[in-house]
There are 2 protein chains.
Amino acid sequence: MPSVERLLAMPRYSGALLYTIRLQQELQTKPGSHPFDEILYCNIGNPQALGQQPITFFREVLALCDYPALLDRDETHALFSSDAIARAWEILDLIPDRATGAYSHSQGIKGLREAIAVGIAERDGFPANADDIFLTDGASPAVHMMMQLLIRSEKDGILCPIPQYPLYSASIALHGGCLVPYYLDEGKGWGLEIFELKQQLAVARTQSITVRALVVINPGNPTGQVLSEENQKEIVEFCRKEGLVLLADEVYQENIYADNKKFNSFKKISRSMGYGGDDLPLISFQSVSKGYYGECGKRGGYMEVTGLSSDVKEQIYKVASVNLCSNISGQILSSLVMNPPKVGDESYESYMAEKDEILSSLARRAKALEDAFNSLEGVTCNKAEGAMYLFPRLHLPQKAIKAAEAAKTAPDAYYARRLLDATGIVVVPGSGFGQVPGTWHIRSTILPPEDKIPAIISRLKAFHEAFMDEFRDQGVA
Amino acid sequence: MPSVERLLAMPRYSGALLYTIRLQQELQTKPGSHPFDEILYCNIGNPQALGQQPITFFREVLALCDYPALLDRDETHALFSSDAIARAWEILDLIPDRATGAYSHSQGIKGLREAIAVGIAERDGFPANADDIFLTDGASPAVHMMMQLLIRSEKDGILCPIPQYPLYSASIALHGGCLVPYYLDEGKGWGLEIFELKQQLAVARTQSITVRALVVINPGNPTGQVLSEENQKEIVEFCRKEGLVLLADEVYQENIYADNKKFNSFKKISRSMGYGGDDLPLISFQSVSKGYYGECGKRGGYMEVTGLSSDVKEQIYKVASVNLCSNISGQILSSLVMNPPKVGDESYESYMAEKDEILSSLARRAKALEDAFNSLEGVTCNKAEGAMYLFPRLHLPQKAIKAAEAAKTAPDAYYARRLLDATGIVVVPGSGFGQVPGTWHIRSTILPPEDKIPAIISRLKAFHEAFMDEFRDQGVA
C-alpha cells in the first residue's frame, strides 16, 4: 500500500474535529439545543487557544523584529521594555543585513543557532555547537526529516512507545517504515522498562526488521511520566549496545509538576556518563509550542543532532533545504525560549511572575483532574509528573463494550463521544495513541482555564456516574 | 533506490553555498585575497537578502498582531498608520479568542481564508471559496502535499517543464514518482507548446507510466516567460482531454515586467471558458515570498484547490493535519498580500509608492541585465517578461567544454565557478534546472540592488571576454 494511503487509513485524533465544529455552530445558532452551553476542549495541547496569554517579553521582541522601524522612534521606549529593545537589536545584528524577511541558511540563522547552543549549554552544563542545530517549523518537520533519512524500506523499524504521540506513527507510515512498538508499564507510572525494549527488539529482528532508532518521549505524551536519571542511563546504554539512534522528544522539558522529578536531557545524561559526541547518535527535539510559553501558532523549534557523521549531517541539510528554511519569527522565538530574561534585566521579574503563574497553575490543574479521574468508579489515573496530559484508564463494563461494538466504534471512542454529547467535554480516545489490547483510555489535557476546572470535574463525575449506571454489569458477585 | 537517496543524489542549486560562504569569510578575514571585494548574489530569489525593504503596511500589521497589547495604548497611534491598526483589529477578530499563538485549523484560520477568497475573487472576477484554500508555510509544503497525494508508485508520472524550478524534481523524487519532462521552446521565448506536451505524454504512456498531473509555472522560473491567454486555454483543454490535474505554480503573479503581458490565473481562464468547479482539477499555488513583497522568511502561502472531490479534499486536510498548521504570521501575511490597502486608506499612497518603486526597479534591472547578456559573444537571452530571473544560453567553445570535462564538472557549472572566482558574481548553472541536452545556461536573478547593476555588468563583460579569449575555438572559419 502506498505510504500516503497507510497514513490516510490511520485514525487521526483530529478526526472528531468536524463533529466538534458542528456542535460549536449549533450552540451558537440554536442555544439550548444541547445539554451544555459551551464546548470544553481537553483534546489538544494548544494552551493559547484556551486563554493562556503569551509571555510578554517574547512578543515584544517579535513585534520589534517584525517592524524594526520602531527601534528608531522615541515613542517605542514608552511601549516596550528596555531589555526587549536591546534584545531586538541583538537579534537584528545576528541576521545578515537585518533582513527578517529573507530566506535564511536552511539550518536556520547562524547567530540564532549560536544563541540556542549557549542556552543548551547552560541547561545541561555541557557544551553545544551551533552546527549541530537545525531550526524547524515546530518539532514535527524535524521528526519527519529524521524518519525520511532513517527509513529506507518497509523493513526498517523504529522503536516507539505505546501509547505514543501519533506524529510518530503517522511519520513512520508516510515514510514507508515499520513501527516497532514497546509498551510503557501503566502499573509502574508508565515506566519505560529496558526488558521490554530488549524483548520487542528481539521480536522485530526475528521478523527480519532492521531496527534503526528508538523514540523516547520525555516528559511523556500522552502519558505524562518524567524519566528518572537512572532509567535514562539504561536507555543510553541500550542504544549504544544495540547501535540505535536515540530520538529524544524533549518538547515538554519545561513542563515538570512533580516535586521529586527533574528534567534531564539525554545529552546531559550521556555526557555525564562520559560519552562524547561520537559515542551515541542522539537527536533532541525541542519546540516553542510547549513549555510555559505554548506558542503553538508560531511554528518554531529545533533539533540538536549529535553523534552523526558530517556526511549524514550534510544529508539532513540537503533534506532541510528542499523547503528552503523555517520561518524567521519561529527561529527568533526558539532563540528566546532558550535564552529568556536574566536576573537584572528590566523584564526579569514580570517574566518570572508570568512563567511561575502558568506553571504553578498547570500543576494545580493536573492535580485536580488527576484526583477527579481517580475518584470515578472503575477509573485509574497515573500522575501527570510533566507534559500537559492525563491518560486515565477506563475499566468499562461489558455492556458498554457491547454497546460500542453495536455502534461500530472502539469502547474508548464510544465513551468519549458519549461524554462530549452529554457534557461538551472533548477528550481523545486512547485508541488514537495505542494501548495494551483490551485496555481502554482517554487522554485529557490539563489546559482548560483554572476557573473552568470545577465545572469540568462536576460534569465529568455526573456523566460517568450515569454512564456506569446505564451499563453496569448485572449479576456480578 | 529509496526516495530519499534519489533526492540526495540530485544536484541541488544550494550545493555551491558552502563554497560561497567560505569565499565570504575569506573576504572578511583576508581582504585582498580575491580579485573582488564583495560577493554579488544573483543565485537565489531572495529579495530582502539583497536590500529590498519590506512593505511597511504589512509589517505594521504583523507587529500589532504579534503584540496586541499595543492596540490598547495611545502611543501606538503615533507609531502606526490608522489602517494598519484597523486591519490588526479586524484580523484579531477573525482569530478564535484572538489567540495568535494557538494552533489553527489545519487548513488555516477560517476568517483569513475567507479574506483570501475575497482577494482571489477580486483578482479573477470569479468567486472563490474559503473551503478550497489551504494555508501553508510557503508554496513548497503545498507542492509536497499534492505530490504525496498524487504519487502512488514509481509508475505515476508528473509532467514538468524543463527547465524547471527544482522543487518539483526534488518533491517527485522524495515521493517516489516519475518526472515526465516537457521542454519549453527557447527559440520561441520559452514557449509552452501543446504539441510537445502531447508527445511527451504519449512517450510516457508507452512506458506504462500513468501521468497524473501537469505542472505549469507561470510566470516561469527559471525562464521568466508569461503565458498568453490563448496558450493557457490550450493547456486547460489538454488537461481536460487527458484527465490531468493542473498544478499551476502562480507564485510570481505580481511580477510582470513586459507591457504587452498580463497575468491570468488558470482559474480565471478556465472559468472564462465556461468550465465550472467540477470540470477541471486545478491547484493554484501562491506564496508571500515572491511578488513585490518578497517576504521569503515569513514562510506564508496557500493553495486553492478546485475540481477535486470532497473526499480528496478531506485527504489533503488529513495530510495537512500531520504538521498541525502553518505559522500564523505567514497566514496573516497571506491574507494581507491578497488584500492590500485600498484607495482612501491612510496607507494607500505610500503603499502604492513602495510597490511601484519595487516593481519598476525590477523591470529596469531585468532589462539592463538582459541587454548585458545579449551583448556577450555567444550568449543569447530571452526577455524576463515576469518572475525574477534571466536564463541566458551560453554557446561555449569546445575548448571550454573540454576544460570542464577535465575538471569533472558540467560546462555551465564550470563557467559559473570561473565567473564566481573571477568576479564574486554567483549564478546557478542551468544543469540544476534541466535543459535540452548539449545546451548550456545559467540562471541569474534580477534582484541585486540597482546601484550595483552597472558593476555587475562590467565585471560580467570583462570576465566573459577573458573567458572567451582563453577558450575560443581555433581554426574555425
Side-chain angles (χ1 to χ4, degrees), chain A residues 2 4-5 7-8 12 14 44 46 48-49 51 54 56 59-60 62-64 66-67 69-70 73 75-76 78-79 96-97 99-104 106 137-138 140-141 148-149 151-153 167 170-171 174 289 294-299 315 318-319 321-330, chain B residues 2 4-5 7-8 12 14 44 46 48-49 51 54 56 59-60 62-64 66-67 69-70 73 75-76 78-79 96-97 99-104 106 137-138 140-141 148-149 151-153 167 170-171 174 289 294-299 315 318-319 321-330:
Chain A
V4 71
E5 289 181 22
L7 172 77
L8 296 174
R12 288 284 299 159
S14 54
I44 301 180
N46 193 10
Q48 294 192 31
T56 303
R59 292 304 193 99
E60 286 183 287
L62 287 182
L64 292 166
D66 264 342
Y67 187 35
L70 292 173
R73 300 285 296 271
E75 294 90 338
T76 298
L79 289 170
D97 297 306
T100 55
Y103 293 129
S104 72
S106 294
D137 291 313
S140 307
Q148 204 158 56
L149 284 159
I151 296 169
R152 299 159 304 185
S153 80
L167 166 66
S171 189
L174 265 177
S289 304
E295 291 277 16
C296 303
K298 294 295 176 187
R299 312 310 295 121
Q315 292 182 2
K318 209 159 179 177
V319 170
S321 73
V322 172
N323 279 336
L324 298 153
C325 67
S326 62
N327 84 86
I328 305 298
S329 297
Chain B
V4 71
E5 288 181 24
L7 173 76
L8 296 173
R12 287 284 301 159
S14 53
I44 301 180
N46 193 10
Q48 294 192 31
T56 303
R59 293 302 194 99
E60 286 182 286
L62 287 182
L64 291 167
D66 264 342
Y67 187 35
L70 292 173
R73 298 287 296 272
E75 295 90 338
T76 298
L79 289 171
D97 296 306
T100 56
Y103 293 129
S104 71
S106 295
D137 290 313
S140 307
Q148 204 158 58
L149 284 160
I151 296 169
R152 299 160 303 184
S153 79
L167 166 66
S171 189
L174 265 177
S289 303
E295 291 278 16
C296 302
K298 294 294 176 187
R299 313 311 293 123
Q315 293 183 1
K318 208 159 179 176
V319 170
S321 72
V322 172
N323 279 335
L324 299 154
C325 67
S326 62
N327 83 86
I328 306 297
S329 297

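The sequence lines fix the lettering, A, B, ..., with proteins before strands; numbering per chain opens at 1. Remember, it's a predicted structure, so these values are computed and weren't measured experimentally.
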Practice task
Taking all non-hydrogen atoms of both residues into account, name the closest pair between A:L167 and B:V322 and its distance.
Solution key: CD1-O, 4.1 Å

Exercise for the section: Give the minimum heavy-atom separation between A:A78 and B:R73, together with the two atoms involved. Expected result: O-NH2, 2.9 Å

Handout entry: Among B:G51, B:A63, B:A69, residue most engaged with chain A (heavy-atom pairs, under 4.5 Å)
Key = B:A63

Counting only non-hydrogen atoms closer than 4.5 Å, does [X] touch chain B with its backbone (N, CA, C, O), its side chain (CB onward), both, or neither?
X: A:L70; result: side chain
X: A:S326; result: backbone
X: A:P141; result: both

Handout entry: Option in A:L79, A:I328, A:L64, A:L62 with maximal non-hydrogen atom pairs under 4.5 Å from chain B
Key = A:L79

Practice task
Could you tell me which of A:S140, A:G330, A:P54 has the largest number of non-hydrogen atom pairs under 4.5 Å with chain B?
Solution key: A:S140

Handout entry: Whether A:R299 side chain and B:D137 backbone form a donor-acceptor pair below 3.5 Å
Key = no

Exercise for the section: For B:N46 and A:Y103, indicate whether the former's side chain and the latter's backbone hold a donor-acceptor pair under 3.5 Å. Expected result: yes

Exercise for the section: Among A:K298, A:R59, A:E295, find the residue that satisfies the side-chain hydrogen bond (donor to acceptor under 3.5 Å, both in side chains) test when tested with B:T100. Expected result: A:R59

Fill in the blank from the handout: dist A:C296:SG -> B:N327:CG (nearest 0.5 Å) comes out at 13.0 Å

Exercise for the section: Would you please name every residue forming a side-chain contact (heavy atoms from CB on, under 4.5 Å) with B:T56, sequence neighbours left out? Expected result: A:Y67, B:E60, B:E354

